[in-house]
Every structure is written in structure tokens, then in C-alpha cells.
Amino acid sequence: MSEYNHTKIEKKWQQKWEQDKPSKALNPGDEGFDDTKPSYYILDMFPYPSGSGLHVGHASGYIGTDIIARKKRMEGFNVLHPMGWDAFGLPAEQYAIQKGQHPRKTTDLNSDNFRKQLKLLGLSYDWDREIDTSKPDYYKWTQWLFLKLYEKGLVYKKNVPVWWCDELRTVLANEEVIDGRSERGNHPCERRPMTQWILKITAYAERLLDDLKHIDWPYGIKKQQQDWIGKSIGAEVDFTIEGTKEKIRVFTTRPDTLFGVTALVLAPENPLSKTLPTTPQAPECEEYIKAAMSKSERDRKAETKQMTGAFTGAYVTHPLLDETSPHYKIPIYIADYVIADYGTGAVMSVPAHDERDFLFAKTLNLPILPVIIPRDGEEPDLDSCFTDEGVLVNSGKYSMYPTEKARVDITSELVLKNSGNAKTTYKIRDWVFSRQRYWGEPFPLYLDKNDNIIPANLKDLPVELPPMEDFTPSADGSAPLNRAQDWINLKDKPELKDLKRVADTMPGWAGSCWYFLRFMDPHNTKGAFSNTAVNYWKQVDLYVGGASHAVMHLLYARFWHKVFFDFGLVPEPEPFKKLFNQGMVTAFAFRDKTKRLVPSDDVEKSGQNYIQKSTKEPVEHFVTKMAKSLNNVVNPDDVIKDHGCDTLRLYETFMGPLDIDKPWSDDGISGCVRFIKRFWHLFYDDSGQILKNLSSPPPTEYKGDELTIERALNVCLKRTNESFDGFNFNTAIAAFMEMLNEVSKHKASINSSQAQRLIKALFPFAPHIASELWESTGNTTQLDFEPWPKHIDKYLQKDTYELVISINGKVRKKLPTAINTPKDQLEALAKSALEDKLEGVTIRKCIVVPNKLVNFVVS
RNA sequence: GCCGAUGUGGCGGAAUUGGUAGACGCGCAGGAUUCAAAAUCCUGUAUCUUCACGGAUGUGUCGGUUCGAUUCCGACCAUCGGUACCA
């Protein structure tokens with residue numbers, strides 16, 4: 001075969017791999033398991049199999065991990081590289097409703113399509129480990145693991161204000177609601193008190209925060225998790241309501257500002273406002289509460305910076321001042337800048353040292369009482385507030401204390417006086433874990449007549465979803481499973497006739513909280529996974545996916561994993577040792593002056609600009625997301641059909657480093673089309689015959705053309721190898737292209753050793769063409785397990801280099817020079833080369849960097 | 001507002017510890033081949049200036065350190081992403 005036929009070759013090798021399974025990972029105990037091989041677990045975030053299929057953006061991450069997986073196999077690792085489907089959840093159900101079909105059917109169709117598309121990309125997954133979170137043999141164990149959380153007391157049922165989405169007809173977790181709209185579908189949501197199943201993720205807040213130190217994750221993602229957990233160290237302070245023995249407790253991070261309190265402010269929802277001693281002003285206050293409560297969350301948010309509030313007419317007393325102090329009596333206000341479900345729903349207002357309190361005091365004309373001054377002795381400015389650390393003033397015996405020490409000592413005094421204590425709070429809320437939807441894991445719990453919770457036994461698992469003709473969500477917020485009364489009332493289990501099942505289902509995140517563990521042992525029928533399997537694979541060595549999961553999946557999975565760790569089910573406290581975020585593949589699009597999108601087939605290039613064909617107006621060329629609505633989605637199937645999957649793999653790799661966003665360009669791919677063809681022809685002569693020299697063994701010492709080839713090859717191997725350190729495989733492809741430009745001039749001299757190393761190095765990137773060339777150059781082994789080729793240092797050295805000669809840092813001349821010429825000779829050489837330019841000037845200094853440059857400093 | 005990331009030719013992007021800015025590829029221009037086209041091959045391609053040799057400018061902006069800065073430091077600007085009364 002002399003012409004490169006991608007269709008034929010790729011089909012041939014994909015069929016062969018399907019049979020021989022070189023990417024099959026072996027567990028201890030499996031036939032052929034080799035315990036001398038180290039393990040390596042590399043995982044892609046598994047996809048939700050959407051109806052629109054895979055686009056080239058998804059492919060880029062999968063191609064990246066595949067390149068690494070293939071190289072690791074060549075380096076002698078037992079590589080676990082699996083794929084599966086995150087198939088339960090809202091999007092899958094929404095899609096089914098839209099298609100008017102059952103989600104079981106659409107999910108199966110979609111995952112079939114995804115599997116087909118992924119296989120066309122030549123990805124070396126161990127397909128024998130494929131999983132689907134919506135299949136009973138998988139969710140049986142999701143339910144079992146949920147029961148572990150229940151056993152630990154991490155599951156509770158409570159009537160709390162939750163996010164309700166009318167459009168989706170279900171509640172959502174805090175993490176799933178962005179700016180009062182659903183993360184999925186962007187529908188408006190509202191706060192509504194409802195009884196929900198909740199997971200006590202707050203119990204793990206400290207460890208989720210602390211263990212971030214021990215994992216190799218991008219700084220930005222760690223920071224996002226840290227902010228989401230939102231740890232604040234401070235104190236709780238009790239203020240006694242004047243004329244009663246009742247106390248109002250506040251949380252503050254700045255107990256050092258305690259002597260600057262000029263008001264105590266309650267959230268409108270705070271029930272304490274109803275029990276305050278009433279006064280003539282109270283009715284006005286009630287109005288305010290009513291008005292605040294009737295505003296939607298969004299309105300309240302929209303009014304940020306617009307301070308409002310009302311005086312209740314009641315007062316509290318200062319815990320550390322006595323009655324004679326003018327600041328002893330503190331008025332109680334109600335204001336909606338205080339939020340009910342953080343801290344205690346009440347704050348001590350210190351306008352001199354907190355931005356919001358300052359604004360509030362300005363708006364309501366309350367006194368501002370500075371108690372901290374800057375350390376550098378500057379006068380406090382009454383027109384702004386000072387929020388930094390400093391030194392206390394007007395604070396009784398604490399005056400002159402630095403703020404850091406004052407915080408500790410004031411807190412101690414509060415403890416002594418039984419008026420407070422040190423306290424740490426977290427922003428993270430418990431995880432609302434139930435959904436009023438059909439397509440999710442049923443809870444493995446029963447309720448008795450008195451609403452007591454009774455966990456299901458292992459033998460009753462899985463609690464299967466009943467088949468329902470009409471699975472659509474109910475308008476009244478009641479879960480659709482409530483309509484399956486026989487199932488709710490356990491008609492299938494007469495022995496449990498007094499109990500009821502739970503009608504809510506788990507959210508889509510449940511299945512993805514542990515799928516990486518199931519991949520270690522996917523066919524286990526006795527447990528979620530065996531000890532042997534998890535103790536062997538331990539944790540995911542490299543996890544690759546988009547950055548959008550920073551506070552949802554990646555936080556939830558860490559939480560569940562820590563619970564499993566506490567049960568001794570897994571050997572590591574963290575699931576993902578190293579995390580890498582791949583960039584998005586974007587697309588070019590055009591828009592006219594009015595920013596309206598112009599279809600690309602109505603645009604033509606005119607020199608370096610673009611004009612709209614129909615109007616002859618210039619249009620702007622810009623980069624945007626790939627989206628169906630923009631009609632700019634590139635389907636990998638089409639690219640593969642035209643150019644082959646190796647070319648697609650190379651192009652997606654060549655576009656840029658794995659972690660950045662890169663725009664797809666249909667023109668750009670032609671460079672890789674040419675490269676593949678030229679690489680193929682490197683091993684064939686003009687008449688289509690394999691080069692004769694390829695059967696000759698390497699010489700004992702390289703010289704002439706063979707030396708030139710050997711040098712180019714070693715440079716290429718070194719750069720390829722280094723590209724794995726920074727996930728910038730684009731430089732590896734560039735190295736291959738440079739090598740090809742150099743070597744193709746001398747291709748008749750390539751010997752068998754050189755050809756082998758070259759083909760091996762290309763294999764992770766373009767496995768089909770590499771395998772075909774491997775075979776046609778006379779090799780019979782599986783490339784997957786051939787040792788990864790390493791460069792030899794001595795062939796990286798050249799005999800000569802270009803000596804750069806500069807004056808004051810500006811390059812003046814370049815001179816071919818023998819390598820390792822001594823310093824003094826270089827200086828002399830440079831001097832004579834720049835004779836004319838150095839005439840009449842004084843050389844103040846001469847810097848010589850051997851094998852690089854000479855710089856004259858002149859005046 | 002706060003936090004994070006990123007700014008390099010017409011475009012995607014390269015540049016060890018500070019040491020030739022623009023590798024590689026696309027695009028573009030010219031040429032070869034061809035009846036012609038496609039494909040392929042060769043040459044050129046940061047900007048300004050010069051017939052040319054050459055010279056000047058140039059890695060978002062302004063400044064600093066240095067013999068020498070895309071790289072280090074300071075201030076600012078722009079774009080993208082995250083987050084928002086968290087006391």
C-alpha cells in the first residue's frame with residue numbers, strides 16, 4: 001500500500017483493538033495480572049450523554065488523556081482508563097420529556113451514540129468497564145453507599161427554605177442556583193420552605209477545606225472551593241434585651257470592635273423580632289418586615305447598596321460596659337442587609353469599621369463611633385470606614401491593644417462574663433439532596449406511620465424505579481412517584497405493608513459521587529467495589545475535565561469519599577490526586593455593526609478583512625462558544641470522515657496547550673492533513689515501495705545523513721517527552737513537524753532503529769497510522785507495550801552554533817562558531833567582527849556567555 | 001466591588017535558570033508543475049524606512065531593576081471566568 005487511506009487503516013486497527021483489547025486494565029487476581037507493573041489511573045469526567053452528541057470540544061479533553069494513557073502503557077504502567085455515562089438527572093429527563101419518550105429509552109439511545117462517537121476517535125478506553133449510573137446494577141450500590149451516610153447520621157429530613165424552580169418543578173441545591181436562576185436551563189427559582197432530604201455536608205466542612213492542602217489541583221479551583229466553604233473565625237456575643245432576661249446572640253469576626261457597636265440589627269426573618277418588648281414605633285417595624293419578606297430574593301439582591309431598615313423601639317445593653325456609659329444602651333433595628341441563614345441572623349453594627357454597617361448608619365443617620373486607628377498613627381477619617389487591623393481606642397482597658405490581641409482578650413472576657421464564646425462559622429450550607437423528579441435514584445428508606453425513618457436492608461437493594469407511563473413532574477411540587485401508589489405502599493413487599501416508600505429521588509450528582517470507585521471493580525455483584533481493587537488502584541492519579549464543576553461535583557465527590565474513608569472503605573482521604581482543567585474549544589463567528597450574528601456562509605474574505613456577501617458590509621470576526629443556536633458546532637464524525645481520526649487528534653492537540661480555550665478553524669486542520677501524508681511518505685519511495693534501507697540495522701557509529709537524521713530524531717524525542725510535563729502537546733506536534741522537514745530530505749538513509757523510534761513516539765498521538773507503519777516496516781508486536789523511546793544526550797549536541805554579538809544588548813552580528821570555543825577567543829572573535837562599529841567608542845565591559853553570546857557595554 | 005486567569009504578527013500559538021522574540025502550523029504573496037484546475041513542491045512573509053547593504057520600532061500601557069526583560073518588581077488598562085450584602 002503506497003497511498004495513505006485513512007478510512008481503511010483506521011477501521012482495520014479499530015477492529016483489531018476491539019478484538020485484542022490492548023487497553024484492558026487488569027485487577028489483582030485477574031488472569032495475566034502483573035504485580036511488578038505500577039498502577040496508573042487516568043480519568044475523564046464522564047459525560048452526561050446528551051441528545052446532541054459529542055462535539056470537538058469534548059473530544060479535546062478525551063484526546064489529551066488518551067495520549068497520556070497510551071504513553072503510560074508504553075512506559076510499563078498498568079493503566080486504568082475507563083469511560084461511562086452519567087445518565088441520571090435533570091437534563092436527561094428534560095430531554096426525554098421534550099422527545100415525548102421514556103428517559104430509559106432516550107438515555108440508551110444517547111449513550112449508544114456517544115460510545116460510537118468515542119470509538120471513532122480511537123480512544124484507548126477499557127470498554128469492559130463501561131458503567132451507566134441509571135442502571136439498577138449500578139444504583140443498587142449508590143443506594144448502599146447512601147445508607148452508609150445515613151448510618152453516620154449525615155442524612156436528615158427537615159422543613160427549610162429551599163430553592164424551588166417552577167419551570168423544572170423541583171427543588172435544587174444551593175450549588176445549582178446561580179443568581180436566583182437554575183444552573184440547568186436558566187429558569188427563575190424562588191425560596192420556599194419545604195420538607196426535604198438533606199445531607200450534612202457541613203459536618204465535613206473543616207476537612208474539606210483542610211485537605212485541599214494535600215491535593216495537586218489548579219489554584220483557582222481550590223480557591224473556589226475554599227470560598228464556597230467560607231470559613232470565618234470570630235466570636236458569638238450575647239446582648240441582653242433591655243428590661244428582660246432575653247438575649248440576642250450575634251456572630252462577628254471582629255470582637256475587637258465591640259466597643260464601637262452603635263446598633264444591633266436583625267434580619268427581617270429573624271423570629272426574635274416578634275418577641276421584643278413592644279413600643280409605639282413597633283407598627284412601622286412590622287410594615288418593614290412584611291415588605292421585606294414579600295420581596296423576591298432577586299429584588300432584594302438587586303437592591304444591593306440601597307440600605308433600608310426600621311427601628312424596633314427596643315434596646316439591648318452592651319455586655320462589657322456599665323450603665324453609666326453613654327454607649328451602654330444599643331437600639332435594635334431590622335434591616336434586610338442582614339441575612340437570616342448566616343451566623344445567627346443578627347449582627348452587631350459597627351459603622352466605623354464595617355462597610356455595610358457604615359452605609360447603614362449613613363442612611364439612617366446613626367452615630368459612628370471609631371474604636372480602631374491605623375497603626376501608623378493617622379487620624380481616623382469620619383467620611384469612610386477603616387476595616388484594617390490597627391490599634392484600639394475608646395475601648396476601656398483594651399485601648400492601645402493591637403486588634404489581633406484585643407480579639408483574643410475581649411473574647412476571653414465575654415466567656416468569663418457568660419456573654420459569648422469563640423466561634424467559627426462556615427458559609428457552606430447542608431446539601432439539599434431530594435428532587436421532585438422521576439429520573440433519579442429512589443431513596444433506600446421507608447417511613448412508618450409516625451414518619452420515622454427506616455433504612456432498607458442490603459437484600460432489598462436496589463430499590464428500583466417503578467416503570468411509569470407518565471413520569472412528568474407534578475405542578476403542585478409533589479414528586480411523580482407519588483402517583484405510583486402501589487410502589488409507594490410497598491405492594492411488592494407484603495411483609496412491609498405498614499411502611500411507605502419515599503417519593504423523592506436523589507439529584508443527578510449522586511451517581512458521580514463514587515463512579516471513579518466503581519470503575520475500579522465494575523462487575524462486582526457482592527459489593528460496590530472490593531477491598532483488593534481499591535487498595536490496588538487507590539485513587540485517581542489524574543482527573544481531567546472542565547472547570548465548571550468546581551463547587552458541585554468536585555465538592556460532593558470529595559464529601560462522599562471522606563465518609564467512605566471514615567468507614568475504612570477506601571484507603572485514601574481524597575478521591576482525585578491531581579486535577580487538570582482542559583480548556584474549551586470555541587469557534588469563530590461573524591457579526592455585523594449592530595452585533596447581529598451573520599451566518600458564516602454569507603461571509604467572504606477580502607484581503608485581511610471579512611465582508612458580508614449579501615450586503616457588502618464589513619463584519620467582525622470574533623470568538624465564541626460552540627452552541628447549537630449559533631450553528632457553529634463542529635461534529636467530530638464529519639471531520640473524521642473527511643480527514644481521518646488521526647488527523648483530528650493531531651489537530652486538536654496542535655491547536656494549543658490542553659488547558660486554554662482555543663478556537664476551532666476548518667482551515668487550520670490542513671496543516672495536520674499534510675503532516676500525516678508526509679509522515680506516511682517518509683517510509684516509502686517514489687514508486688510506492690517501502691524504503692530498502694529500513695531493513696538495515698543501525699551502524700555502530702552514526703555519520704553523514706544518518707547522523708543528521710539521528711540528531712533531528714533525538715531533538716524530536718526530547719521535546720515530545722517534555723511536552724508531557726506541561727500538558728502542552730502542541731509543542732510535541734511542532735517537534736514532529738520540524739523533524740519531518742529536516743529528515744524528509746534524507747529519507748533514503750533512515751535505518752530500522754530510527755524508523756522504529758519515530759513510529760513509537762508518534763503512537764500516542766496518532767495511533768492508527770503509527771500501527772500501520774509499524775506493521776508495514778516489518779514489526780509484528782503490539783505497539784501499545786513497546787518501550788517508550790528516549791533521547792540520547794550526545795545526539796542533541798551540534799558542532800557549531802550561531803554566536804550572537806551585541807552592543808548594549810542590541811544584536812549586531814551573528815557568527816557561526818565552533819561549539820565550546822573558550823571565552824577569551826570568543827571575545828577576540830566578536831571584537832574583530834564588530835571592528836567598524838566599535839571604532840572610536842570605549843568598551844566598558846564585555847559579557848561572554850559561552851555557546852551563546854558576547855555583549856559589549858559601550859559608552 | 002472582591003477573587004482568579006489571560007494580554008506576543010492577519011490568525012492558532014513557540015521561546016530552559018533573564019541571553020537571537022515570532023519556532024511550528026494556518027493564511028497571504030510570488031514561482032515551478034499542469035491545456036487548465038486541484039493536489040504537490042520551492043521561495044518570501046512583525047511594522048516602518050531604504051533601490052539595496054542597512055537602520056529604527058516592537059511581546060496590553062507607564063515606570064523600575066539589569067550589560068541585557070515576553071520572562072523579575074511596582075502602578076495602571078482591557079478581555080474572559082467565578083462570586084457577591086457571609087458580619
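To find a chain, count down the sequence lines: A is the first, B the second, and so on, and within it residues start at 1.
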State which of [options] makes the closest approach to the side chain of [X].
X      : options             : value
A/R719 : B/A87, B/G25, B/A23 : B/A23
A/F654 : B/C24, B/C67, B/C85 : B/C24
A/N741 : B/A14, B/A87, B/G25 : B/G25
A/Q224 : B/G82, B/U40, B/A21 : B/G82
A/K223 : B/C67, B/C3, B/U20  : B/C3
A/K852 : B/U17, B/A87, B/G13 : B/U17
A/D227 : B/A14, B/U20, B/C3  : B/C3
A/N855 : B/C85, B/G19, B/G12 : B/G19
A/T252 : B/A87, B/G19, B/A14 : B/A87
A/T253 : B/A87, B/C24, B/C67 : B/A87

Applying a 4.0 Å non-hydrogen cut-off, can you work out what [X] is touching in the nucleic acid: base, sugar-phosphate, or nothing?
X      : result
A/G668 : sugar-phosphate
A/S670 : sugar-phosphate
A/I733 : nothing
A/R429 : nothing
A/R674 : sugar-phosphate

Atom-to-atom span, [atom1] of [X] to [atom2] of [N] - whole angstrom:
X      : N     : atom1 : atom2 : result
A/D659 : B/G12 : CG    : C1'   : 15 Å
A/L658 : B/A5  : CG    : C1'   : 16 Å
A/N851 : B/U20 : CG    : P     : 14 Å
A/E652 : B/C24 : CD    : C1'   : 18 Å
A/R678 : B/C24 : CZ    : P     : 11 Å
A/I807 : B/G19 : CD1   : P     : 21 Å
A/D341 : B/A87 : CG    : P     : 13 Å
A/D357 : B/C85 : CG    : P     : 15 Å

Is the distance between the ring centroids of [Y] and [X] under 6.0 Å?
X      : Y      : value
A/F729 : A/F724 : yes
A/F259 : A/H318 : yes
A/Y333 : A/F360 : yes
A/Y651 : A/W664 : yes

For [X] and [N], is the shortest distance between a side-chain N/O and OP1 or OP2 below 4.0 Å?
X      : N     : answer
A/S232 : B/A87 : yes
A/K810 : B/U57 : yes
A/Y342 : B/A87 : yes
A/N808 : B/G68 : no
A/R812 : B/G55 : yes

Expressed in whole Å, how much space separates the [atom1] atoms belonging to [N] and [M]?
N     : M     : atom1 : result
B/C53 : B/G63 : P     : 33 Å
B/A69 : B/U20 : C1'   : 14 Å
B/U8  : B/A21 : C1'   : 8 Å
B/C41 : B/U57 : P     : 40 Å
B/A87 : B/A15 : C1'   : 49 Å
B/A39 : B/A32 : C1'   : 14 Å
B/G22 : B/C76 : C1'   : 27 Å
B/U70 : B/U6  : C1'   : 14 Å

Check your understanding: Do A/E206 and A/K231 sit within salt-bridge range, that is, some charged N less than 4.0 Å from a carboxylate O?
Key ->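 Salt bridge flag = yes for A/K231 with A/E206.
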
Point to revise | Ion pair check, A/E389 and A/R407, cut-off under 4.0 Å | key: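 A salt bridge links A/E389 with A/R407.
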
Check your understanding: Is B/G9 in the syn or the anti form, by the rule that syn lies within 90° of 0?
Key -> syn

Exercise for review: Check whether more than 12 heavy atoms from other residues, nucleotides or ligands sit under 6.0 Å from atom NZ of A/K747, and answer yes or no.
Suggested key: yes

**Study point:** Who pairs with B/C35 - Watson-Crick or G-U, where each distance is under 3.5 Å
**Key:**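 Pair assignment: B/C35 / none.
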
Review point. Watson-Crick or G-U wobble partner for B/U45, using a 3.5 Å limit on both distances?
Key: B/G27

Review point. Is the closest side-chain donor-acceptor distance between A/S806 and A/N855 under 3.5 Å?
Key: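 Yes, side-chain donor-acceptor contact under 3.5 Å.
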
Exercise for review: Establish, from distance only, whether the side-chain atoms of A/T821 and A/Y801 form a donor-acceptor pair under 3.5 Å.
Suggested key: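 A/T821 vs A/Y801: no donor-acceptor pair found between side chains.
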
Point to revise | Which residue lies more 5' along RNA chain B, comparing A/N728 with A/Y219 via nearest heavy atoms | key: A/Y219

Check your understanding: Pick the nucleotide of RNA chain B nearest each of A/R254 and A/G656; which residue has the one closer to the 5' end?
Key ->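 Result: A/G656.
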
